[in-house]
Amino acid sequence: MKPLIALLLITVVAITSSAQKIDYDKKLKELGIELITPAKPVANYVKAVRTGNLLYLSGDGPTLANGQYITGKLGFDLTIEQGYEAAKQTGISILSTLKAELGDLNKVKRIVKVLGMVNSASTFTDQPKVINGFSDLMVAVFGEKGKHARSAVGMAALPSNIAVEIEIIVEVE
Amino acid sequence: MKPLIALLLITVVAITSSAQKIDYDKKLKELGIELITPAKPVANYVKAVRTGNLLYLSGDGPTLANGQYITGKLGFDLTIEQGYEAAKQTGISILSTLKAELGDLNKVKRIVKVLGMVNSASTFTDQPKVINGFSDLMVAVFGEKGKHARSAVGMAALPSNIAVEIEIIVEVE
Amino acid sequence: MKPLIALLLITVVAITSSAQKIDYDKKLKELGIELITPAKPVANYVKAVRTGNLLYLSGDGPTLANGQYITGKLGFDLTIEQGYEAAKQTGISILSTLKAELGDLNKVKRIVKVLGMVNSASTFTDQPKVINGFSDLMVAVFGEKGKHARSAVGMAALPSNIAVEIEIIVEVE
């Protein structure tokens, strides 16, 4: 390859990839999302483990900015709308963890897999409508990279009676 | 290496790998399995995400050819035999998704991991006998490549009251 | 690089990595841990599947040395302390499987991800305190390499009414 062509090519690649850098602070602000300070695990586990280019996150719940949780069982204490909000809040907590772990949300290449666990009465069957609160947020923030494989299922009980617990796998740079 | 030996070697390799190609359409027919048209996700998620050579599938249920589901709770509405059939039907749905995603089931190198979630009364303890309906199908179709690590567990509730939900990870070519 | 320097370097690396080899038989003895003979799966699945450098283990329960299980539902039959012991015993069963699969526990590079499923009454909300029995054991045995991402959640029911079922992903050499 001639030096000039090589230089041009490098320039084009540099411009393209810099154009793909997203100002996530701005984007989150536009979406009305305020990140929280992720709570540290109090036991012998960690918030995230990376192996190769996959980041495995610990299950997370709907932690509010004041450190409290959204609690209750769907089909018993909470409406679908309240469940949707709890799943969205869990998403905010997970975004906060991703930011803390990666430094920059631009390092997220793909939300690969989501296990959405809904605190459910045995008669509640709308887990997908609840977990949509999480999925909608991921796609609002990351676009196509936010589209994931997922399961949305009903748990007999969750820690501290949180309404939702979600664990995810992320492909990272 | 001499040209003639190289040619012979290439021929042997070609024959061997062509011999390993399985006519899955024929095999499924022999097993009496008819694939279905996988339903498209109606929310912000997708049926499958590939990262490296791993394919993560969304949780799937016992969808019938007519688009309806096998519903009910084990230990309450359904017998173990009905649960086994529901798990097998979930397997057919998952095979249909794999075919749609990969084009050719020969691209399946290994069924790696299975999470088999059974809609369970709190007193039902035969989840493995239910999920065997899925595992038996995978081994009938894929042989040794179909043998997977698995968990078979009891859920308080599942979407639309489906009897079984299964999510899997597949190593692909 | 001069030959002498190269030789010195190789020697240093060899000493360092041999120093990192841990006598796990001795360590387990010091911890009072006795491995068991892992039960063989009786159906069409296997104890573990390796893909790349990840080992996916099947869900395991609190199998005792005599082959029996610790059974019961948290918040109903069992105290948190009994649940902690069940999670620890599940850890012993999983260590036994790892030993059998890998030959040598030194091949464990990292406990990556843990899904801790607790057989729970719908009102039980201390799943993390139960699964700590597993997490504490992993860190006692593997140190920093034992620290994992985890979820600790409540199941409606588990096979044979076991108190705890845990599935893990391990990065291996």
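Chain identifiers are assigned alphabetically (A, B, ...) following the order of the sequence lines, protein sequences preceding nucleic acid strands; residue numbering begins at 1 within each chain.
- Atoms CD1 and OG1, on A:Ile92 and A:Thr97 in that order, are 12.0 Å from each other to the nearest 0.5 Å.
- Here the shortest heavy-atom pairing between A:Leu102 and A:Lys107 reads O-NZ, 3.4 Å.
- Heavy-atom proximity under 4.5 angstrom to chain B picks out A:Thr125, A:Gln127, A:Pro128, A:Asn132 from residues 125-134 of chain A.
- With chain B as partner, the option from A:Lys113, A:Met117, A:Lys109 having the largest number of non-hydrogen pairs under 4.5 angstrom is A:Lys113.
- The contact list for residues 144-173 of chain A toward chain B, using heavy atoms and a distance under 4.5 Å, reads A:Lys147, A:His148, A:Ala149, A:Arg150, A:Ser151, A:Ala152, A:Val153, A:Gly154, A:Met155, A:Ala156, A:Ile169, A:Glu171 by residue number.
- Using a 4.5 Å cut-off between heavy atoms, A:Val112 touches chain B through backbone and side chain atoms alike.
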>> Apply side-chain contact (heavy atoms from CB on, under 4.5 Å) to residues B:Val141 and B:Val108 and explain how you reach the verdict.
In response: CA-CA 11 Å; B:Val141 172; B:Val108 171; over 6 Å; no

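- Along residues 40-67 of chain A, the residues that come nearer than 4.5 angstrom to chain B, judged on non-hydrogen atoms, are A:Leu54, A:Tyr56 in order of number.
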>> Does B:Glu81 form a side-chain contact (heavy atoms from CB on, under 4.5 Å) with B:Glu85? I'd like the steps, not just the answer.
In response: CA-CA 6 Å; B:Glu81 291 70 29; B:Glu85 283 305 312; over 6 Å; no

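- The structure places OH of A:Tyr24 at 10.5 Å from CG of A:Leu98, a figure rounded to the nearest 0.5 Å.
- Using a distance-only test at 3.5 Å, with no hydrogens or angles considered, no donor-acceptor pair links the side chain of B:Asn119 to the main chain of B:Leu74.
- Atom CD of A:Glu34 has 12 or fewer heavy atoms from other residues, nucleotides or ligands within 6.0 Å.
- With sequence neighbours excluded, no residue satisfies ring-ring contact (aromatic ring centres under 6.0 Å, His included) with A:Tyr69.
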> Between B:Asp23 and B:Lys29, is a salt bridge (charged side-chain N to carboxylate O under 4.0 Å, His left out) present by the stated rule, with each step listed?
Replying inline: CA-CA 10 Å; B:Asp23 183 343; B:Lys29 208 170 184 180; over 6 Å; no

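- A donor-acceptor pair under 3.5 Å is absent between the side-chain atoms of B:Ser93 and the main chain of B:Gln89, judged by distance alone.
- Counting all heavy atoms, side chain and backbone alike, A:Phe142 lies closest to A:Leu105 at CE2-O, 3.9 Å.
- Panel note: side chain B:Thr123, backbone B:Ala121; no donor-acceptor pair is recorded below 3.5 Å.
- Considering every non-hydrogen atom in both A:Pro38 and A:Ile36, the closest pair reads CD-O, 3.4 Å.
- Rounding to the nearest 0.5 Å gives a distance of 6.5 Å between NZ of A:Lys88 and CG of A:Leu137.
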